[in-house]
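All remarks here apply to the structure that follows.
Order of the sequence lines sets the chain letters (A, B, ...), proteins ahead of strands, with each chain counted from 1.
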Amino acid sequence: MAITQARTMPGVLELLPLDQVAFQSMLDAIRRNFERFGFLAIETPVMEYSNVLLTKQGGETERQVYFVQSTGALQAAREGELPELALRFDLTVPLARYVAEHERELVFPFRRYQMQRVYRGERAQRGRFREFYQCDIDVIGKDQLSVRYDAEIPAVIYNVFRDLRIGDFTIQINNRKLMRGWLETLGIQGAPAQAAVLREVDKLDKRGAEAVRATLTGADFGLAADAASALLDFVAFRSTSLDAALARLDALGSGSEALEQGRAELREVLTLIRAFGVPESHFALNLSIARGLDYYTGTVYETTLNDHPQIGSICSGGRYENLAGHYTRSHLPGVGISIGATRLFWQLREAGLIGSGRSTVEALVAQLDEADLPRYLGLAGELRAAGINTEVILEAGKLARQFRYADRAGIRFVLLLGSEEIARDAVTVKDLRAATQETIARGEVAAHLRAALR
RNA sequence: GUGGACGUAGCUCAGCUGGUUAGAGUCCCGGAUUGUGAUUCCGGAUGUCGGGGGUUCGAGUCCCCUCGUCCACCCCA
């Protein structure tokens with residue numbers, strides 16, 4: 001019989017059990033902190049109607065979306081017609097659809113978190129995935145939403161990454177209004193031109209100042225040399241403290257309405273972040289943060305690891321003026337952020353900041369004599385009742401093999417209940433990690449393991 | 001979508017200018033008698049050299065096509 005090669009498509013992350021444990025605990029930490037800040041979980045379907053998902057035609061998204069079709073629909077499909085369904089490529093568009101659809105049943109400001117997989121038909125590349133987890137929080141207001149919520153988001157992010165223990169990080173903050181207002185004073189008018197310039201500026205850390213200068217003064221942009229210099233000088237600013245950030249804002253001088261708005265928002269947001277308990281060492285005003293996505297209108301965020309700049313942004317988001325304009329006439333402003341958990345996990349593992357997890361199986365009851373199986377099951381029952389995850393060897397075999405199994409499966413404790421132990425009403429507990437073993441009274445085994453596992 | 005590199009055991013790779021049955025490490029499996037893993041020792045399994053065609057007495061090695069993978073750009077988590 002021909003053998004089919006067992007393989008996954010490129011761009012998916014499939015983990016061995018102990019790595020899966022590590023990934024799960026990362027997701028658990030994220031969820032715990034989202035909930036701690038009063039966000040509620042929702043889930044939306046993996047598939048959405050294509051016309052809902054692709055509200056803006058002809059963009060990048062259409063190139064990257066996976067369409068879904070049942071066999072019947074495939075056969076009935078007409079030439080040149082898009083399939084009815086598609087896989088979501090982020091969680092923000094489904095959120096917009098969700099809020100618009102359930103607007104009357106939701107309580108505003110609506111604070112939701114969502115941790116689900118999304119799909120993008122990307123060209124396979126290192127550290128880029130076609131199926132990956134996004135962990136999003138957003139606050140959606142009805143008609144209006146205070147800029148104070150813009151300060152709450154970094155507080156959540158601070159708590160998440162502190163919990164993950166992956167080293168020092170900085171939440172970098174900027175404001176699109178401020179940037180647009182400042183670009184106007186440079187003579188760069190109009191949203192598309194400004195967005196294009198900001199996209200280049202956004203690459204500053206990756207490409208370097210001179211490469212960006214060359215692009216800006218090149219044929220596509222045609223910026224004057226002194227304007228480009230002024231711009232590069234301006235966006236080079238990174239605050240080292242809250243006072244330094246506020247002083248920089250004060251020093252901007254007066255400008256357009258957009259600049260004044262952006263400045264006022266940034267002042268309030270930066271000051272309040274401090275009040276939310278985020279240490280000054282962990283957030284900064286960074287005037288080069290722009291974000292590529294064009295729907296951001298105010299505050300924008302990007303988080304980086306201080307000791308691993310090459311990893312890039314591990315979490316990003318911002319403020320948008322109208323979330324669901326494609327689906328409802330209601331005005332729904334919001335602010336949110338997204339953690340790309342799959343990529344983050346992969347990069348942390350590459351950088352050696354995350355190892356394999358520990359098996360969730362805590363104890364293994366060995367089999368010394370098949371006739372004593374009922375005793376083994378009884379012991380396992382007691383341990384489980386005491387909250388210890390316990391497995392029993394059900395197949396007879398050499399003891400050495402049973403130990404090898406425990407070792408390879410990453411199970412820390414092996415319990416022996418043989419004739420000697422039965423006679424003494426005791427259990428021999430071997431700790432494979434410490435390579436020690438002792439014989440303990442039957443009634444104290446659970447408490448002993450609990451203490452050791454703590 | 002544009003441009004560029006690379007395809008040899010499950011994994012990491014060696015194989016000099018074409019020359020016998022294609023190798024190493026690792027991993028996997030088995031053994032080293034009694035109720036003890038990971039360490040040590042011994043033994044074993046595994047490849048249409050990505051696929052197809054061509055040049056040649058002879059191709060893992062040279063040429064063409066094709067498929068696949070990876071990298072950069074675009075974009076983004």
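Atom CG of A:L16 and atom P of B:C11 are 13 Å apart (whole Å). Distance CZ (A:F132) to P (B:A77): 8 Å, rounded to an integer number of Å. In this structure, the CD1 atom of A:I314 is 16 Å from the C1' atom of B:C76, given to the nearest Å.
Between A:R401 and A:E421, the residue anchored nearer the 5' end of RNA chain B, judged by the nucleotide with its closest heavy atom, is A:R401. RNA chain B is contacted by both A:M9 and A:K398; A:K398 maps to the nucleotide lying nearer its 5′ end (nearest heavy atom per residue).
Interface remark: the A:Q437 side chain does form a donor-acceptor pair with the B:U36 base, using a distance-only criterion of under 3.5 Å. Interface remark: the A:R128 side chain does form a donor-acceptor pair with the B:C76 base, using a distance-only criterion of under 3.5 Å. On a pure distance criterion of 3.5 Å, no polar donor-acceptor pair joins the side chain of A:R408 and the base of B:A38.
Annotation: cation-pi pair A:R120/A:F89 absent, no NZ/CZ under 6.0 Å from the ring centroid and within 45° of its normal.
Comparing the same atom, C1', in B:G51 and in B:A45 gives a spacing of 26 Å after rounding to whole Å. Across B:A22 and B:C49, the matching C1' atoms stand 8 Å from one another, rounded to whole Å. Here the separation of B:C27 from B:A38, taken at their C1' atoms, is 15 Å to the nearest Å. Spacing between B:U8 and B:C16 at atom P, rounded to whole Å, works out to 15 Å. Rounded to whole Å, the separation between the P atoms of B:G37 and B:C29 comes to 15 Å. Rounded to whole Å, the separation between the P atoms of B:C11 and B:A77 comes to 33 Å.
The main-chain N or O of A:G336 is never found under 3.5 Å from a side-chain atom of A:Y301 such that the two would form a donor-acceptor pair. No donor-acceptor pair under 3.5 Å is formed between the side chain of A:D136 and the backbone N or O of A:S338.
Within the 4.0 Å cut-off from OP1 or OP2 of B:C75, at least one side-chain nitrogen or oxygen of A:R199 is found. At B:C74, one or more side-chain N or O atoms of A:K203 fall inside 4.0 Å of OP1 or OP2 (strictly under the cut-off).
Applying side chain to side chain contact (heavy atoms under 4.5 Å, CB included) to A:P94 and the options A:V118, A:V99, A:V52, A:T44 leaves one that passes, A:T44.
In the set B:G35, B:G37, B:C75, B:C75 carries the atom at the smallest distance from any side-chain atom of A:Q64. Comparing B:G37, B:A77, B:G35 against the side chain of A:L368 picks out B:G35 as the nearest.
The aromatic rings of A:Y296 and A:Y320 sit tilted relative to each other, their planes meeting at an angle between 30° and 60°.
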